[in-house]
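Below: the structure, in structure tokens.
Chain identifiers are assigned alphabetically (A, B, ...) following the order of the sequence lines, protein sequences preceding nucleic acid strands; residue numbering begins at 1 within each chain.
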Amino acid sequence: MAHYVHLHDWPTGPVERLSTEAVLLQNRLRDQVRIEPLTKTPETIAGCDISFNKFEETVYAGIVVLRLDTLETIEEAGVVSTAPFPYIPGLLSFREIPSLLEAWQKLKIEPDVVMFDGHGTAHPRRIGIASHAGLFLNRPTFGCGKSVLVGKYDEPAPERGNWSPMTHYREVIGAALRTKNKVNPVYVSPGHLIDLETAIALTLQCNGGYRIPEPTRRAHNLVNALRRGEQGDLSKL
DNA sequence: GCGACAG
DNA sequence: ATCTTGTCGC
């Protein structure tokens with residue numbers, strides 16, 4: 001039910017050409033990404049993730065929607081699909097977005113904002129998976145990754161809530177944010193139709209007591225259960 | 001040229 | 001990402 005705009009077709013063909021086409025697309029799309037404050041206060045947030053067995057092309061994609069005020073899960077959608085693209089640093093969106101869009105189509109609710117397991121502007125060409133997907137979904141998106149792709153930062157203070165800017169070529173591209181005391185930070189960056197400060201605030205708002213914010217954590221649990229073929233979750237397909 | 005490199 | 005048990009530290 002939830003819809004999206006099919007901005008462009010996905011690169012196909014021999015692996016060496018895939019990479020060239022993908023980078024060309026990123027350079028063509030990067031100017032469409034808009035980093036700006038939210039237009040309205042979000043009530044729902046979605047978390048996305050994919051899982052797969054090593055050396056296999058089958059991927060399990062899932063999206064979990066939660067209410068921002070209570071963090072209760074209000075909808076889940078999952079699909080078993082096939083990855084049309086290999087994992088290449090900097091080109092993650094081409095591997096994960098297609099199957100995530102399939103799961104998105106199954107949602108009845110259209111989430112107000114979407115969190116991705118990866119980066120948004122904290123990307124060599126400023127168009128990581130969160131930004132790229134934001135263009136298709138045409139709604140606020142941001143990335144919250146567990147490790148750095150590009151950029152440098154000073155270690156934020158050890159208490160939860162502290163953060164320091166990540167820079168790349170003199171540009172602020174995101175933030176290293178402490179979501180839990182004395183635990184490694186997560187890397188937050190705006191994707192599309194949102195700004196860094198808001199992305200940080202939302203990440204902190206999604207606290208469940210773990211380093212990884214709830215939307216991503218629940219999506220991760222969902223796709224792993226799907227991959228392992230656990231009973232209760234097959235019904236949600 | 002060498003090293004780094006989201007999931 | 002995935003494969004996996006125990007183990008160090010608060």
In whole angstrom, give the distance that lies between atom [atom1] of [X] and atom [atom2] of [N].
X: A:Lys54; N: C:dC3; atom1: NZ; atom2: C1'; result: 7 Å
X: A:Tyr187; N: B:dG7; atom1: OH; atom2: P; result: 10 Å
X: A:Ile50; N: C:dT2; atom1: CD1; atom2: C1'; result: 12 Å
X: A:Asp49; N: B:dA6; atom1: CG; atom2: P; result: 15 Å
X: A:Tyr87; N: C:dT2; atom1: OH; atom2: P; result: 13 Å

Just checking [X]: base, sugar-phosphate only, or nothing, at a heavy-atom cut-off of under 4.0 Å?
X: A:Leu91; answer: base
X: A:Arg228; answer: nothing
X: A:Asn181; answer: nothing

Considering only NZ, NE, NH1 and NH2 on the basic side and carboxylate oxygens on the acidic side, decide whether [X] and [Y] come within less than 4.0 Å.
X: A:Arg126; Y: A:Glu171; result: yes
X: A:Arg178; Y: A:Glu155; result: yes
X: A:Glu76; Y: A:Arg218; result: no
X: A:Asp117; Y: A:Lys146; result: yes

Tell me which residues in residues 127-151 of chain A lie within less than 4.0 Å of DNA chain B, going by non-hydrogen atoms.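 Those residues whose heavy atoms fall under 4.0 Å from DNA chain B, taken from residues 127-151 of chain A in numerical order, are A:Gly128, A:Ile129, A:Gly145, A:Lys146, A:Ser147, A:Val148, A:Leu149.
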
Taking the side chain of A:Pro89 as heavy atoms from C-beta outward, which of B:dC5, B:dG7, C:dT2 is closest to it?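 The answer is B:dC5, which lies nearest to the side chain.
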
Tell me, please, whether A:Tyr87 has A:Arg95 positioned over its six-membered ring: NZ or CZ under 6.0 Å from the ring centre and within 45 degrees of its axis?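 Output no; distance or angle outside limits.
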
Please confirm whether A:Arg228 makes a cation-pi placement over A:Tyr60, using NZ or CZ under 6.0 Å from the six-membered ring centre and within 45° of the ring normal.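 Verdict for A:Tyr60: no cation-pi partner in A:Arg228.
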
Can we call the ring centroids of A:Phe142 and A:His192 under 6.0 Å apart?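 Judged by ring-centre distance (under 6.0 Å), A:Phe142 and A:His192 do not meet the cut-off.
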
Which sits closer to the 5' end of DNA chain C, A:Lys182 or A:Phe52, going by the nucleotide each is nearest to?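 That would be A:Phe52.
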
What residues from residues 210-221 of chain A pass a heavy-atom cutoff of under 4.0 Å to DNA chain C?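 Nucleic-acid contacts, sorted: A:His220.
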
Among A:Trp10, A:Phe116, A:Trp104, find the one that has a ring pair (Phe, Tyr, Trp, His ring centres under 6.0 Å) with A:Phe136.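 So the option named by the test is A:Trp10.
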
Can you give the dot-bracket line for DNA chain B, where a pair is Watson-Crick or G-U wobble with both atom distances under 3.5 Å, crossing pairs use [ ], and | marks a partner on another strand? .......

